[in-house]
Amino acid sequence: MPRVFLLPGIGGDEAGLANLRSELADSADFVLVDHPDIDRPSAEIRDFAGIVARAVARIHDVEPTGKVNIAGYSFGAQVAFAAACEFQEQGREVGLLALFDSRALSLSVAGRRVSNSDEASGPVRTIADVASRLLIAGGLAEPLRRAIPAVGSVFGKPASLGLRRLLLQNLRGRSLAGHRTGHFDGTIVLFRAGEQHIAGLPHDLGWSAHCAEVRGVELRGGHNSLFRTENLAENAALIRSAIARPLSAGS
C-alpha cells in the first residue's frame with residue numbers, strides 16, 4: 001500500500017479530511033502531518049519556513065529513503081508544495097504531489113493578488129475574525145493564545161475551539177506573507193473545487209508557473225464542502241482515479 005503524507009488546512013485536521021482518509025484507505029496509507037498548534041508559541045505557529053522544515057523532518061522520519069508522496073489541502077497545500085521542492089533539492093523523488101483547492105500565492109486576477117484565506121461565515125464570526133486580526137497586529141497573539149484554556153473554562157468548549165481556529169487561521173495566514181513560491185520539477189495533481197467564490201480564476205489556480213505540468217481534476221462542491229457527506233463518495237472516486245497512476249509509477 002503506497003504511503004501518502006497529508007498536510008491539513010489552516011485549522012488543522014478535521015472531520016472531512018478524516019472521512020476522506022477513511023474513504024481512500026483501500027488506495028493509500030495516509031499519514032497526517034499536522035502544523036504547530038496552540039500548544040506551541042505563536043511565533044512558531046506563524047513561521048512558515050519552520051512549519052515546512054517541521055513537515056520535512058516528520059516525513060523523513062517516517063520515510064527516510066526512496067520516493068515520497070505528498071498531498072495538502074488549502075494552507076496545507078502551500079506547505080506540501082514547499083516540502084516537495086525541498087525533497088527535490090535533497091535529491092529525493094516525489095512520486096505524487098497532490099494539492100486540494102489551493103491557489104498559488106503568485107496568482108492575480110485582473111491585476112489583484114488573490115488571497116487563500118478562509119472566509120468567516122456570519123456576522124459574529126466576521127467580527128471575531130477582525131478582532132483577532134487586530135489583537136495579533138497589536139502584538140497580543142501570545143497572551144491571546146495563553147487565554148484559550150481560560151476561555152473554555154468560562155464560556156465552554158465551543159468558545160475555546162472557535163478562538164483557537166481564529167487564532168490559527170490568522171497566525172498561519174500571516175506566515176505566508178513574503179513567502180515566494182518556488183518551482184517543482186514535476187507534475188502537480190490539482191483538485192479544484194467546482195464552486196469558486198472568486199470569478200475569473202484560471203483552471204490551474206496559478207500553479208503552472210511553478211511546475212512542469214498541472215493535471216487538473218474538478219471536484220464537486222466548494223472549498224469547505226469538498227469532503228462533506230453529500231460530496232464525499234463522488235469526490236473520493238475522482239481522487240482515487242487521479243492518484244492511482246503517480247502512486248503506482250516506479251513502485
Side-chain angles (χ1 to χ4, degrees), residues 4-28 30 32 69-81 84 96-122 125-126 129 165 169 172-173 176 181 184 186-247:
V4 178
F5 295 94
L6 177 62
L7 287 299
I10 207 161
D13 196 19
E14 56 189 56
L17 281 178
N19 291 338
L20 179 67
R21 297 197 296 274
S22 177
E23 194 78 13
L24 296 176
D26 60 342
S27 302
F30 283 93
L32 186 76
N69 302 303
I70 310 174
Y73 166 65
S74 193
F75 173 82
Q78 304 293 332
V79 182
F81 180 87
L96 169 71
L97 176 55
L99 308 182
F100 291 95
D101 203 47
S102 186
R103 300 180 286 275
L105 298 179
S106 60
L107 178 63
S108 62
V109 176
R112 297 180 62 184
R113 189 66 58 87
V114 178
S115 171
N116 264 305
S117 60
D118 293 340
E119 290 184 301
S121 58
R125 289 189 179 182
T126 300
D129 180 55
R165 179 169 180 84
Q169 177 174 309
R172 289 173 178 168
L176 294 171
T181 305
F184 176 68
T187 299
I188 290 175
V189 182
L190 176 65
F191 297 99
R192 169 191 163 119
E195 300 170 8
Q196 296 285 340
H197 69 277
I198 298 177
L201 290 176
H203 287 290
D204 69 347
L205 299 183
W207 288 107
S208 292
H210 302 284
C211 67
E213 179 189 13
V214 173
R215 212 170 278 159
V217 178
E218 186 169 299
L219 300 181
R220 178 180 175 182
H223 182 78
N224 295 315
S225 64
L226 292 176
F227 312 126
R228 289 180 185 167
T229 303
E230 65 269 24
N231 298 324
L232 181 61
E234 181 177 330
N235 286 343
L238 291 169
I239 295 165
R240 183 183 294 108
S241 176
I243 66 176
R245 190 171 78 176
L247 287 181

Residues which pass side chain to side chain contact (heavy atoms under 4.5 Å, CB included) with Ser208, listed by chain and number, not counting sequence neighbours: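 Listed in chain order: Asp204, Val214.
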Distance, nearest 0.5 Å, that separates CG of Asn69 from CD1 of Ile243: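 Nearest 0.5 Å value for the CG-CD1 distance: 8.5 Å.
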Test of understanding: with salt bridge (charged side-chain N to carboxylate O under 4.0 Å, His left out), list the residues that count as partners of Arg245, not counting sequence neighbours.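 Testing Arg245 for salt bridge (charged side-chain N to carboxylate O under 4.0 Å, His left out), a comparison that skips the adjacent residues, returns none.
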Quick one: salt bridge (charged side-chain N to carboxylate O under 4.0 Å, His left out) partners of Asp13, sequence neighbours excluded?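 Asp13 satisfies salt bridge (charged side-chain N to carboxylate O under 4.0 Å, His left out) with Arg21 once adjacent residues are dropped.
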Check the orientation of His210 and Phe81. Use parallel for under 30°, tilted for 30 to 60°, and perpendicular for over 60°.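 His210 vs Phe81 ring planes: perpendicular.
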Please list all pairs meeting salt bridge (Lys or Arg N to Asp or Glu O under 4.0 Å) that have one or both residues in residues 225-234, counting only residues at least two apart or in different chains.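 Counting only pairs at least two positions apart or across chains, the salt bridge (Lys or Arg N to Asp or Glu O under 4.0 Å) contacts touching residues 225-234 are Arg220-Glu234.
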For Glu218, which residues count as a side-chain hydrogen bond (donor to acceptor under 3.5 Å, both in side chains) partner, sequence neighbours excluded?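 Per chain and number, Glu218 pairs via side-chain hydrogen bond (donor to acceptor under 3.5 Å, both in side chains) with no residue.
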Under the side-chain hydrogen bond (donor to acceptor under 3.5 Å, both in side chains) test, residues paired with Thr187 that sit two or more places apart: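 Counting only residues at least two positions away or on another chain, Thr187 forms a side-chain hydrogen bond (donor to acceptor under 3.5 Å, both in side chains) with Glu213.
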Looking only at atom types and distance, does a side-chain atom of Arg240 sit under 3.5 Å from a main-chain N or O of Ala28, one as donor and one as acceptor?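 Not confirmed, Arg240 side chain does not pair with Ala28 backbone.
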Any donor-acceptor N/O pair, Arg215 side chain to Val189 backbone, under 3.5 Å: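 Pair absent, no side-chain N/O of Arg215 close to backbone of Val189.
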Candidate list Trp207, Phe227, Tyr73, Phe100, test ring pair (Phe, Tyr, Trp, His ring centres under 6.0 Å), partner Phe191, passing option: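 Among Trp207, Phe227, Tyr73, Phe100, the one that satisfies the ring pair (Phe, Tyr, Trp, His ring centres under 6.0 Å) with Phe191 is Phe100.
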Any side-chain heavy-atom pair from Asn231 and Leu219 closer than 4.5 angstrom?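 Asn231 vs Leu219: side chains apart.
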Between Glu23 and Asn235, do the side chains contain a donor N or O and an acceptor N or O under 3.5 Å apart?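 Per modelled atom types, Asn235 and Glu23 side chains form no pair under 3.5 Å.
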